[in-house]
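A short write-up of the structure that comes next.
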Amino acid sequence: MAKQGLTLEQKQKQRLALEQQRLLGTILEKSDAEMEEFIDNKVNEIQALEKTSDDKDDDNGYENEGAQDKSANRDERRENRNDDPISENSGDDDTVAWYRFFANNRSTDDEYYAPTAVSEKTLQEFLNDQLGELELDETQQIIAQAIVGNIEDDGYLRRSTSEIADDVTFNDGYMVDAQQVEEVLNIVQSLDPPGIAARDLRECILLQLRRKPQSEDVDIAITMVEKYFDDMAGMRFDALSRRMNTDKERLEQVFKHQIRRGLNPYPGNAFGSRSYITQQVTPDFDVELDEETGRITVTLRNNIPTLQISESYAIMNERYKKNADSLSVKEAKEKKTIQDAYQRASLFIEVLKQRQETLFNTMNAIVKCQREFFLSGDERDLKPLGQQQIADMIGKDVSVVSRAISNKYVQTRWGVKSLKSFFSEDINGGSRHEVVDDLRRLINAEDKAHPLSDDALCEKLKEMGHKLERRTVAKYRVMLKIPSSSERRKMAR
């Protein structure tokens with residue numbers, strides 16, 4: 001009889017483990033919006049499960065028997081976790097990553113992070129709103145709107161002032177010249193985000209450096225970019241040291257902290273594209289950078305309601321456990337119903353907790369692997385990364401990672417990014433992001449009257465160290481929504 005009871009208990013545990021694994025897989029891939037509806041359905045389905053009222057004091061409620069059940073679902077906050085096997089803890093301010101974790105539920109004294117929607121405004125709308133607050137005359141307003149209308153989605157202005165002057169003259173009927181456009185361009189470049197309407201990377205960096213609080217390091221960085229940009233871009237610090245009569249190590253530190261980490265090479269990327277209607281999403285994470293220390297903080301947002309086991313079910317379950325030997329037939333049936341609901345509620349609360357821990361650990365591992373990107377915002381710093389690598393780091397199956405990054409987004413200082421965007425295959429020691437970025441740069445710099453064919457792009461990419469087939473280059477070009485060379489030639493006419 002004892003053996004039979006033990007076998008039944010083992011089967012029950014196995015069933016619960018399988019149910020827990022299945023449920024975790026289901027909710028991992030859901031977005032927060034989907035989770036809200038899913039949780040509402042579960043609360044209606046499982047009578048022992050309820051949402052905690054926001055106005056309820058977290059220290060009141062269960063005592064004695066019930067207190068233990070409530071505490072199982074209380075918020076957990078982990079700050080500066082020394083026991084986290086993923087976080088870096090070398091003691092060097094440049095390499096230490098600090099992480100902050102908020103569990104799936106929140107208490108009344110927690111800071112609440114309001115949802116952030118991507119592309120509530122396009123970059124152009126954001127700039128026009130700022131222009132509306134300036135005292136510009138009618139001609140300046142027309143020129144400013146023409147400039148804003150020509151700013152591309154990454155924040156750059158790639159049409160010349162003379163071309164824009166011609167547009168305003170012929171399309172709007174205002175006789176203006178390139179000098180007038182240049183004067184208004186200076187106004188547009190003073191708007192947020194810093195670096196906007198730059199005509200090339202050098203100007204973009206200078207615009208942002210000149211907005212920084214004045215210091216000796218900032219002055220060195222401005223000189224480096226303004227006078228010796230090619231040497232700086234090529235990180236030829238020996239040559240820079242000789243030209244600027246400054247210590248090489250000092251220049252390397254200035255480059256690292258004032259330029260590479262402190263600036264955004266694509267100031268328009270945080271806004272929605274005009275070429276398609278972007279989906280509004282709520283970021284699941286915030287990644288913040290302390291520029292002075294280089295420390296990175298990862299926060300998992302609190303977008304899931306607090307759940308707990310109903311007080312009445314907790315008390316009844318405890319009572320039936322204590323009086324298990326003296327129950328009537330009716331009470332025995334009721335006990336089974338109560339225990340089943342209690343067990344299902346406990347399981348769901350535990351799985352929610354596991355979901356949040358898995359999401360946090362996944363984002364934590366991504367930040368560690370892609371640390372350079374979170375410091376610089378430059379997609380060229382994204383390393384080749386596979387889901388199996390993250391799975392090994394967090395001790396989960398790769399299918400868990402696949403679900404964890406599905407429909408998940410992170411708010412960074414460089415804009416909102418999909419977690420899937422941090423993964424790419426290894427291409428000859430580089431990442432797909434680097435190849436795509438080089439491809440974009442080649443096309444942006446080409447002679448518009450004689451655009452580069454896919455074969456020519458393939459050869460130039462090979463010269464840059466990317467050994468690709470022509471069809472791969474064509475695939476990446478299409479992915480960037482860039483027309484073929486023949487179509488680009490027609491557009492240039």
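Keep in mind that this is a model prediction, so the values were computed, not measured.
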Salt bridge or not between Asp154 and Arg158? Use side-chain N to carboxylate O under 4.0 Å. yes

Can a side-chain donor-acceptor contact be found between Gln370 and Lys383 if the only test is distance below 3.5 angstrom? no

Is there side-chain contact between Leu157 and Ile196, with at least one heavy-atom pair below 4.5 Å? no

Using a strict threshold of under 4.0 Å (side-chain N to carboxylate O), is an ion pair present between Asp217 and Arg250? yes

Spatial distance of atom CD (Gln180) from atom CD1 (Ile142) [nearest 0.5 Å]: 13.0 Å

If we only count heavy atoms from C-beta on, is the Lys408 to Leu28 side-chain gap below 4.5 Å? no

Point-to-point distance, once rounded to the nearest 0.5 Å, from CZ of Arg243 to CG of Asp238: 12.0 Å

Can you check side-chain hydrogen bond (donor to acceptor under 3.5 Å, both in side chains) on Gln388 and Asp392, steps first, answer last? CA-CA 6 Å; Gln388 184 63 58; Asp392 292 341; 2.9 Å; yes

Under 4.0 Å between a side-chain nitrogen and a carboxylate oxygen: does that hold for Asp40 and Lys51? yes

Spatial distance of atom OG (Ser406) from atom NZ (Lys420) [nearest 0.5 Å]: 4.5 Å

From Arg403 atom CZ to Lys30 atom NZ, the distance as rounded to the nearest 0.5 Å: 11.5 Å

Please report the interatomic distance CD(Glu182) to OG(Ser162), rounded to the nearest 0.5 Å. 10.5 Å

Thr362 side chain reached by Met393 side chain, heavy atoms, under 4.5 Å: no

Over all atoms of both residues, closest heavy-atom pair of Arg489 and Ala449: CG-O, 3.8 Å

Smallest separation among heavy atoms of Asn128 and Gln145, with atom names: OD1-CG, 4.1 Å

Should the pair Arg371-Asp381 be classified as a salt bridge under the 4.0 Å nitrogen-to-oxygen rule? no

Please tell me whether Asp455 and Ser453 have a donor and an acceptor in their side chains that are separated by less than 3.5 angstrom. no

From Ile366 atom CD1 to Ile394 atom CD1, the distance as rounded to the nearest 0.5 Å: 9.0 Å

Check Arg488, Arg441, Lys460 against Glu446 for a side-chain hydrogen bond (donor to acceptor under 3.5 Å, both in side chains) and give me the one that passes. Arg488

Using a 4.5 Å cut-off on heavy atoms from C-beta on, say whether the side chain of Asp230 contacts that of Arg236. yes

Could you tell me whether the side chain of Ser190 reaches within less than 4.5 Å of the side chain of Val188, counting heavy atoms only? no

Between Met363 and Val410, is there a side-chain heavy-atom distance shorter than 4.5 Å? yes

Look only at the side chain of Ser241 and the backbone of Phe237, and say whether a donor-acceptor pair between them is shorter than 3.5 Å. no

Considering only heavy atoms from C-beta outward, does the side chain of Val287 approach that of Thr297 to under 4.5 Å? no

Any side-chain heavy atom of Tyr174 sitting closer than 4.5 Å to one from Glu138? yes

Answer yes if the ring centres of Phe374 and Phe422 are under 6.0 angstrom apart, and no otherwise. yes

Can you list the steps and then say if Gln189 with Glu203 is a side-chain hydrogen bond (donor to acceptor under 3.5 Å, both in side chains)? CA-CA 10 Å; Gln189 289 178 338; Glu203 186 175 37; 3.3 Å; yes

All heavy atoms of Cys204 vs all of Asn264, minimum pair found to be SG-O, 3.8 Å

Would you say the ring centroid of Tyr409 lies under 6.0 angstrom from that of Phe285? no

Using distance alone, with no hydrogens and no angle criterion, decide if Glu288 and Gln411 have a side-chain donor and acceptor under 3.5 Å apart. no

